Structures are given as C-alpha cells and as structure tokens.
S.K.: 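I'd like to ask some things about the structure below.
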Amino acid sequence: MNEKRILQQLIIDAYHSAVKDGRFSGADDPYVKVEYPKDQKFGDYATPFALELARSARKSPLEIGGILKEYMDGTDILGRIDVVKPGYINMFLSLDHLWKNLHQIVQERDAYGRNVKENPRRINVEFISANPTGPLNIVSARAAAIGDSIANILEANGDTVEREFYVNDFGNQVTLLGKSVLARCRELDGIDYPFPEEGYHGEYVIEIARHIKETCSDEIAAIDDEEMLISFLAEKAVQYNVSGQREDLDGFRVHFTRWFNERALHEGGDVDATYRYLDEKGYLYDQEGKKVFRSTDFGDDKDRVVVREDGRPTYLLADIAYHRNKIERGYDYIIDIWGPDHHGYIARLAGAMVALGMKKEDFRVLIAQQVNLLMEGQTVKMSKRLGNFSTMRELIEEIGVDVSRYFFVMRSLDSHLDFDLALAKKESSENPVFYLQYAHARICSLFREAEKRGIAYDPGGSVREYLDNPEAVILMKLMLKFPEEIEDAAEAFEPHRLTTYLLRLAQSFHRFYTEHRVLSDNVDSNNSCLLLADATRIVMKNGLALIGVMAPERM
RNA sequence: GCGUCCGUAGCUCAGCUGGAUAGAGCGCCGGACUACGAAUCCGUAGGUCAGAGGUUCAAAUCCUCUCGGACGCGCCA
C-alpha cells in the first residue's frame with residue numbers, strides 16, 4: 001500500500017474515532033481527498049477534508065482540523081501535522097520513513113515501484129493494428145510507443161497484460177495490394193500493364209514485387225488465372241509486410257503477445273457465428289436485402305449494416321467477431337487504442353460489446369490524437385497509397401529509439417502532434433531524455449569512482465542524519481512517490497505523467513549532486529550518500545523501462 | 001449541420017477525481033569547473049490560462065455559448 005492510501009486511511013480512522021467520541025457528527029463513509037500541495041511549505045500531502053466537513057459538522061474548519069490532528073498523532077510515517085488558515089491539514093513525512101524507503105528500494109531493485117494487487121485483472125491491450133499494406137509510419141510509431149508504455153504501466157500496477165496486434169489481412173485493401181504487386185511484377189518483366197488507379201504507388205511495392213519474384217517464381221509461373229494470381233501475390237505481400245512490421249517493432253522494443261489475423265475469423269467461421277448470435281438475440285433486422293445491427297439501442301447515432309446485399313460481411317461484423325473472440329478469451333478488461341479517424345466508430349463497437357454481454361465499463365477505447373507530418377515546416381498529407389510518408393524505420397535510424405519513444409510518450413494522448421523529421425533530428429540533442437539518462441550514467445560513474453578509490457558501499461552502514469538536507473530530502477520524497485505515480489498513470493492511462501516525474505527526479509538528483517560531495521573520507525557519509533544515489537538510479541532505470549527507454553551506464 | 005480533440009510564457013507542452021502565489025523543457029540574457037562526468041547547476045525576463053456568462057466558500061480544471069484550429073460523420077478498412 002502506498003503512502004497516499006495509508007494517509008487516507010489514517011484520516012478516515014481519525015474521523016471515525018472523533019465521531020465515536022462525540023467530537024462532531026458526520027456521514028458514515030466520507031471520501032477523503034489527499035493531494036500533493038504545490039508548495040513544499042504546505043507539506044508533502046494535504047487534505048481539504050476539514051474544509052469539506054465544516055458545513056455538516058457545524059464547526060469551523062480549523063476546529064475540525066485540530067480535532068482530527070489529535071487523533072492522527074502517533075504515526076511514524078509523519079514527522080509533523082499542521083492545521084492552517086482556511087482549514088487545510090498539511091502532513092510532513094518523517095526523515096526516518098524516507099530513509100527506510102531507501103533500503104526498501106535497494107532491496108527490491110527492479111521490482112521497486114511495482115504494485116501488487118489482490119485480484120489482478122487480465123487485460124488485453126490492442127494497439128497499432130495498421131493495415132499490412134506497407135511499412136509502419138510515424139503515426140504507428142506514436143501508437144506503438146504509447147500502447148506499449150500503457151501496457152507496461154498497467155503491468156507494473158499489478159495487472160496481467162497481453163499486447164495484441166490485429167492484422168487486417170482480408171478485404172478490398174489487400175486485393176488492391178495484390179493488384180499493385182502484380183502490376184509491378186509485370187513491369188519488372190518489361191510487360192506493359194496498367195497500374196490500378198487506386199493502387200499502392202509507393203516505391204516499396206516494387207521491392208515487394210522483386211522479393212516475391214525471387215522467392216516464388218515457380219508458384220507464380222504455375223498460376224494461370226489472374227484472379228488467383230492476385231490473391232496469391234496479395235497473401236505473399238501481406239506476409240512480407242507483416243514480417244517487416246514485426247522487425248521494425250522489435251527494433252522499437254515493442255513485442256506483441258499475439259498477432260491476430262482477420263482472415264482466420266472469416267475462414268474459421270467466427271464471422272458467421274457472430275452473425276447468428278446477433279440475429280438470434282434479435283439485434284439484427286432486414287432492410288432492402290441487407291442485415292442491419294440495431295446499434296442505436298446502445299447509443300449509436302444510426303444503425304449499421306453488417307451484411308451487404310450480396311451477402312458479404314462488412315468490416316464491422318468482422319470486428320465484432322474479433323472482439324467477441326477477445327471476450328471469449330475471458331479478459332476482465334479490454335482496451336483498444338485507435339487513431340482519431342476512428343472515433344466515430346467507438347459507439348457502434350462499444351454497443352456491440354454490450355450486445356455480446358460485456359459490461360460497458362470493462363471496454364475502453366483510447367484515442368491517440370493525430371500526428372501531422374511536416375517537411376521543412378510544410379504539412380504533408382500522409383498516404384500509403386500515394387507512397388509519401390515517413391517510415392518508422394527511418395525514424396529509428398535518424399533519431400534513435402530512446403529519443404523517439406520518449407518524444408511520443410512525453411505528450412498526452414490528447415495532444416495533436418506536429419512532427420518534422422528533419423527538425424526532430426536537428427533537435428534530438430536537446431531532447432530531455434538525455435537529461436534523464438545522464439543522471440543515471442552520472443550515478444554509475446560515481447560507483448566506478450568509488451571502486452577506484454577503494455570505497456566500499458554498504459547500505460546497512462548508512463546513517464539517516466547524513467541525508468538530513470533539503471536536496472536529499474526532496475529526492476527521497478520523490479522516490480517514495482514512485483509507486484503512486486505508477487498507480488496514477490495506470491488508472492488514468494496517461495504514460496506522459498511518468499516523463500514529467502522522471503524529469504523531476506533527474507533534476508533533483510543533479511541539484512543534490514551539485515550541492516553535496518558524495519565521496520569523502522567519512523565512511524558513514526559515503527554509505528549514506530551512495531545509498532541515496534543507488535536508490536535514485538534504480539528508480540530512474542525502472543521508470544525509463546516503463547516507457548521503453550534505456551538507462552545507460554556511460555554516455 | 002452533428003460529433004471528437006485542441007486553444008496555458010517567444011516555441012513545445014505539463015497542471016492529478018475543482019483547492020493555497022499558474023509550472024517545466026527549449027530559446028533569450030547574466031553567472032558557476034585547481035574536487036566524485038559542465039550532456040550539469042544557479043539567477044533574470046516572459047502569462048487577460050482564446051473570449052463571455054454560469055455553478056461553487058473556491059474554476060486553467062465543471063456547465064452553456066461564441067471565436068479559432070485539426071479530424072471524423074461509408075454497405076472503406
């Protein structure tokens with residue numbers, strides 16, 4: 001249990017005791033808000049609880065605060081409790097508690113910050129799910145960074161998480177890809193062949209064609225029927241693209257638990273089964289030969305077609321079947337991360353989830369706002385079909401994984417992003433990620449220096465009083481909050497909070513380092529300062545790991 | 001027309017379920033290495049939180065409207 005919760009409970013207990021003793025009257029189950037004051041002089045934690053109680057208890061906030069304080073005294077977590085002007089109760093952590101937490105950190109190491117839940121949820125997070133019609137682009141890179149970080153954070157917060165990528169290897173887009181590849185194959189053979197109007201014009205299609213021709217020339221030669229050839233080429237091209245996407249993601253340190261093929265749903269009968277299920281439940285009706293899903297029953301603007309007049313299922317039906325499959329796998333919570341161009345789609349799918357028996361609050365769609373691609377300050381329309389886009393691979397090669405992952409995660413999901421690759425490259429040396437990594441490397445260097453000078457490090461030999469200075473105290477308080485930061489970030493699905501936190505951590509360390517000599521002739525002081533430094537590098541490393549950034553020992 | 005998101009310092013953005021004097025990074029200007037990494041630290045300047053109402057003891061935060069920007073409103077995926 002983290003400090004915030006412990007304090008919440010402490011206040012609730014104090015309240016109940018006070019009420020029991022007849023000091024004032026009030027509700028049975030009050031909600032106690034514990035917040036972090038902006039200014040250090042207002043304590044490490046504060047609650048406006050007494051203010052909120054004033055009306056019902058018919059006493060002044062200050063008086064109530066004083067009474068609560070009486071009942072809160074005696075805890076060794078807090079060194080001081082102040083009741084101040086309007087009626088805030090300000091709480092100050094004790095040095096002893098902070099110092100003990102340092103030992104906790106170096107004992108737990110990689111596990112520090114991770115929360116343990118009594119009943120962990122099984123969560124499925126689906127993200128990126130880009131069409132297998134080309135390489136991943138910058139937009140996917142953002143989704144990758146965000147989705148993976150959210151998954152990491154949920155895991156660290158005590159849940160069990162699976163990462164899933166949905167491959168749309170079925171339908172018009174794929175056929176179109178096959179036609180484009182065929183055209184390029186013919187072109188490579190020197191045969192005049194019309195390029196499909198709506199086809200994929202990107203250069204990469206030529207490479208795909210060349211690759212398939214090299215590896216599958218016999219099969220191609222054996223197929224007479226053009227339609228079959230297109231479908232063969234499409235399948236090969238999808239394989240090629242998916243494995244390319246997977247490679248890129250590996251390089252980006254994003255690893256999926258499962259790659260789920262849409263085709264399997266069609267071929268395995270899941271789509272039909274889902275149709276029958278919806279039909280039997282009475283969620284479908286006929287309209288001019290089409291089958292329509294009553295999504296308005298679940299809050300959608302209009303009902304949606306799921307089977308066309310010619311009997312082919314729409315994308316929606318396949319997607320419902322996909323999510324039905326997820327539900328059957330027994331997750332407690334399902335998260336989809338989509339681009340802004342799909343937000344209009346939420347109501348119908350969320351409605352379908354309810355129709356399938358999922359509780360509304362157990363399905364969540366997160367919208368990651370768009371990335372605008374700029375070239376030299378000018379907006380560029382990204383289009384796979386037109387072939388003008390910056391690839392994720394290009395991004396990694398140009399500015400590196402650490403910088404890009406940090407860059408994408410440091411913004412909130414809601415923020416729109418202007419991305420200029422040229423500018424990002426130029427400015428990457430100013431990226432705050434180096435500031436964080438430098439703090440870590442600097443600490444590692446300290447330990448190398450200590451070893452060189454023959455200074456032993458024994459956490460057990462640290463002495464609390466050597467850390468009784470403002471710089472060390474700020475650092476210790478931040479580290480104590482790390483588990484709370486993880487919890488908050490997990491509950492809000494906001495990985496960017498972590499980058500803000502880590503920035504403060506690095507800043508606090510650099511400040512401590514500037515003000516205090518870590519290595520000296522004093523054994524007690526050495527052990528104390530090294531304990532502080534060791535704990536700092538552990539928290540920094542664990543925090544960076546959550547957003548997929550390395551913590552280098554030298555740089 | 002309807003819907004989603006955004007509008008906070010010169011730039012890029014934080015600001016937690018409403019709380020105390022609105023913050024950071026970058027940039028600008030000025031300081032700090034004969035000691036553990038100066039990829040660092042310290043300081044100065046810079047804001048009508050787009051605007052107007054409303055709710056509240058308390059609003060950048062919640063509600064309504066207006067203005068401005070991006071995106072979406074398919075039997076495409």
Side-chain angles (χ1 to χ4, degrees), chain A residues 31 33 35-39 41-42 46-48 51-52 54-55 61 84-88 90 129-131 133 168 170-174 176 198 262 287-292 301-302 304-310 312-319 339-347 367-370 372 379 407 410-418 427 429-432 434-435 437-439 441-450 452-453 455 484-485 488-489 491-492 494 496-497 499-500 503-504 506-507 509-520 526 529-530 533 554-555:
Chain A
Y31 175 69
K33 201 172 355 183
E35 36 193 52
Y36 312 115
K38 286 171 197 160
D39 197 320
K41 75 183 176 194
F42 296 128
T47 180
L51 283 164
E52 288 160 358
R55 187 173 291 175
V84 297
K85 9 171 207 181
Y88 286 101
N90 296 336
S129 297
N131 284 340
T133 51
N168 301 129
F170 190 90
N172 292 342
Q173 300 303 318
V174 173
L176 206 50
E198 292 286 299
E262 180 186 355
Q287 188 185 68
E288 298 159 19
K290 295 164 287 196
K291 302 291 181 183
V292 186
D301 302 343
K302 54 184 275 200
R304 309 289 173 173
V305 173
V306 289
V307 179
R308 304 176 176 94
E309 213 166 345
D310 61 8
R312 283 154 55 231
T314 63
Y315 178 81
L316 177 62
L317 184 59
D319 213 16
D341 50 337
H342 287 73
H343 74 253
Y345 195 78
I346 297 174
I367 296 292
Q369 283 301 328
Q370 79 188 76
N372 295 319
T379 307
F407 178 85
M410 69 194 269
R411 265 86 173 181
S412 88
L413 291 194
D414 292 336
S415 74
H416 300 211
L417 209 55
D418 286 338
E427 290 179 352
S429 60
E430 292 155 10
N431 193 299
F434 294 122
Y435 183 78
Q437 293 181 318
Y438 180 60
R442 210 176 200 189
I443 294 170
C444 292
S445 162
L446 262 176
F447 278 86
R448 286 193 296 268
E449 180 66 21
K452 206 161 72 185
R453 296 191 198 172
I455 296 172
E484 291 171 27
E485 292 287 344
D488 289 347
E491 282 175 358
E494 290 182 349
H496 77 269
R497 292 190 191 195
T499 61
T500 310
L503 207 58
R504 278 186 293 148
Q507 186 177 52
F509 177 76
H510 286 311
R511 206 165 280 168
F512 170 82
Y513 184 90
T514 308
E515 293 296 322
H516 304 276
R517 304 250 353 128
V518 173
L519 304 175
S520 68
N526 285 343
C529 293
L530 285 173
R554 304 167 196 272
M555 46 194 294

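On a predicted model such as this, the values are computed, not experimentally measured, just so you know. Chain identifiers are assigned alphabetically (A, B, ...) following the order of the sequence lines, protein sequences preceding nucleic acid strands; residue numbering begins at 1 within each chain.
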S.K.: Across the strands shown, which category fits A:H510 at heavy-atom distances under 4.0 angstrom: base, sugar-phosphate, nothing?
M.R.: sugar-phosphate
S.K.: Taking all heavy atoms of A:L519 and all of A:L446, pick out the closest pair and write down the distance.
M.R.: CD1-O, 3.9 Å
S.K.: Please give the distance between the C1' atoms of B:rG69 and B:rA32 as a whole number of Å.
M.R.: 44 Å
S.K.: Taking atom P of B:rC36 as reference, at what distance in whole Å does atom CD1 of A:I455 sit?
M.R.: 13 Å
S.K.: Strictly under 3.5 Å: I want the nitrogen or oxygen pairs between protein and nucleotides 14-19 of chain B, one per line.
M.R.:
{"unit_1": "B:rA14", "atom_1": "OP1", "unit_2": "A:S412", "atom_2": "N", "d": "2.9"}
{"unit_1": "B:rA14", "atom_1": "OP1", "unit_2": "A:S412", "atom_2": "OG", "d": "2.9"}
{"unit_1": "B:rA14", "atom_1": "O3'", "unit_2": "A:H496", "atom_2": "NE2", "d": "3.2"}
{"unit_1": "B:rG15", "atom_1": "OP1", "unit_2": "A:H496", "atom_2": "NE2", "d": "3.0"}
{"unit_1": "B:rU17", "atom_1": "O2", "unit_2": "A:Y31", "atom_2": "OH", "d": "3.0"}
{"unit_1": "B:rU17", "atom_1": "N3", "unit_2": "A:Y31", "atom_2": "OH", "d": "3.2"}
{"unit_1": "B:rG19", "atom_1": "O2'", "unit_2": "A:Y88", "atom_2": "OH", "d": "2.0"}

S.K.: Please give, in whole Å, the distance from B:rC41 P to A:R511 CZ?
M.R.: 8 Å
S.K.: Under 4.0 Å between any heavy atoms, over every strand shown, what does A:N526 touch: base, sugar-phosphate, or nothing? Just pick one.
M.R.: nothing
S.K.: Kindly write out the residues that satisfy ring-ring contact (aromatic ring centres under 6.0 Å, His included) with A:F447, not counting sequence neighbours, or none if the list is empty.
M.R.: A:Y457
S.K.: Rounded to whole angstrom, note down the C1' distance from B:rG25 over to B:rU21.
M.R.: 22 Å
S.K.: With a non-hydrogen cut-off below 4.0 angstrom, is A:A46 in contact with a base, only sugar-phosphate, or nothing?
M.R.: base
S.K.: Between CD of A:Q173 and CG of A:N168, what distance do you get to the nearest 0.5 Å?
M.R.: 9.5 Å
S.K.: Using the ring of A:Y513 (Phe, Tyr or Trp, six-membered ring only), decide whether A:R442 places NZ or CZ under 6.0 Å from its centre and within 45 degrees of its axis.
M.R.: yes
S.K.: Name all residues meeting the salt bridge (Lys or Arg N to Asp or Glu O under 4.0 Å) criterion together with A:R517; count only those two or more places apart in sequence or in a different chain, and write none if there are none.
M.R.: none
S.K.: Pick the C1' atom in B:rA22 and in B:rA9, then give their distance to the nearest Å.
M.R.: 11 Å
S.K.: How many whole angstroms separate atom CZ of A:F434 from atom P of B:rU40?
M.R.: 11 Å
S.K.: Of the nucleotides B:rG74, B:rA77, B:rA39, which has the atom closest to the A:R304 side chain?
M.R.: B:rG74
S.K.: How many whole angstroms separate atom CD of A:E198 from atom C1' of B:rA77?
M.R.: 14 Å
S.K.: With a non-hydrogen cut-off below 4.0 angstrom, is A:A492 in contact with a base, only sugar-phosphate, or nothing?
M.R.: nothing
S.K.: For B:rA52 versus B:rA60, give the span between their C1' atoms, rounded off to a whole number of Å.
M.R.: 16 Å
S.K.: Can a side chain N or O of A:S445 be found less than 4.0 Å away from OP1 or OP2 on B:rG37?
M.R.: yes
S.K.: Taking atom C1' in both B:rG31 and B:rC49, what distance in whole Å separates the two?
M.R.: 32 Å
S.K.: Where the side chain of A:H343 is defined as all heavy atoms beyond and including C-beta, which of B:rU4, B:rC36, B:rA39 is the nearest nucleotide?
M.R.: B:rU4
S.K.: Separation of A:R517 atom CZ from B:rC41 atom P, in whole Å?
M.R.: 17 Å
S.K.: Could you run down nucleotides 24-30 of chain B 5' to 3' and tag each one B, S or - for protein heavy-atom contact under 4.0 Å?
M.R.: SSS----
S.K.: Using the P atom as the reference point in each nucleotide, state the distance between B:rU56 and B:rG47 in Å, no decimals.
M.R.: 33 Å
S.K.: Side chain of A:D341, base of B:rA70: donor and acceptor closer than 3.5 Å?
M.R.: no
S.K.: Please state the C1' separation for the pair B:rC33 and B:rC42 - nearest whole angstrom.
M.R.: 14 Å
S.K.: Kindly say whether A:S520 contributes a backbone atom to a donor-acceptor pair with the side chain of A:N526 at under 3.5 angstrom?
M.R.: yes
S.K.: Mind checking A:Y513 for me? I need base, sugar-phosphate or nothing, with any heavy atom below 4.0 Å counting as a touch.
M.R.: base
S.K.: Return the set of residues passing side chain to side chain contact (heavy atoms under 4.5 Å, CB included) with A:E309 (not counting sequence neighbours), or none when no residue passes.
M.R.: A:K290
S.K.: If I take atom NE2 in residue A:H342 and atom C1' in nucleotide B:rG74, what distance separates them, rounded to the nearest angstrom?
M.R.: 12 Å
S.K.: Apply salt bridge (Lys or Arg N to Asp or Glu O under 4.0 Å) to A:R554 and list each qualifying residue two or more places apart in sequence or on a separate chain.
M.R.: none
S.K.: Taking atom P in both B:rC16 and B:rC63, what distance in whole Å separates the two?
M.R.: 14 Å
S.K.: For A:R304, check salt bridge (Lys or Arg N to Asp or Glu O under 4.0 Å) against everything at least two apart and list the hits.
M.R.: A:D300
S.K.: Using the test salt bridge (Lys or Arg N to Asp or Glu O under 4.0 Å), find all partners of A:E485 that sit at least two apart in sequence or belong to another chain.
M.R.: A:K481, A:R504
S.K.: Could you tell me how far apart A:F407 (CZ) and B:rC13 (C1') are, to the nearest whole angstrom?
M.R.: 10 Å
S.K.: Using the purine O4'-C1'-N9-C4 or pyrimidine O4'-C1'-N1-C2 torsion, is B:rC33 syn (within 90° of 0) or anti?
M.R.: syn
S.K.: Of all residues at least two apart in sequence or in a different chain, which pass the ring-ring contact (aromatic ring centres under 6.0 Å, His included) check with A:Y88?
M.R.: none
S.K.: Specify the separation, in whole Å, of atom CZ of A:R312 and atom P of B:rA77.
M.R.: 7 Å
S.K.: Report the residues that fulfil ring-ring contact (aromatic ring centres under 6.0 Å, His included) with A:H342, sequence neighbours left out, ordered by chain and then residue number.
M.R.: none
S.K.: Please report the C-alpha distance between A:I367 and A:L413 in whole Å, then the side-chain angles of each, then the deciding distance to 0.1 Å, and finally whether the side-chain contact (heavy atoms from CB on, under 4.5 Å) criterion is met.
M.R.: CA-CA 7 Å; A:I367 296 292; A:L413 291 194; over 6 Å; no
S.K.: Want to know the stems of RNA chain B: at least 3 consecutive Watson-Crick or G-U pairs with distances under 3.5 Å, which are they?
M.R.: B:1-7 with B:67-73, B:10-13 with B:23-26, B:29-32 with B:40-43, B:50-54 with B:62-66
S.K.: Could you tell me which residues satisfy ring-ring contact (aromatic ring centres under 6.0 Å, His included) with A:Y435, sequence neighbours excluded, listed by chain and number?
M.R.: A:H510
S.K.: Does the side chain of A:R442 get closer than 4.0 angstrom to OP1 or OP2 of B:rA38 through an N or O atom?
M.R.: yes
S.K.: Relative to the 5' end of RNA chain B, which residue comes earlier, A:F512 or A:F170, by the nucleotide with the nearest heavy atom?
M.R.: A:F512
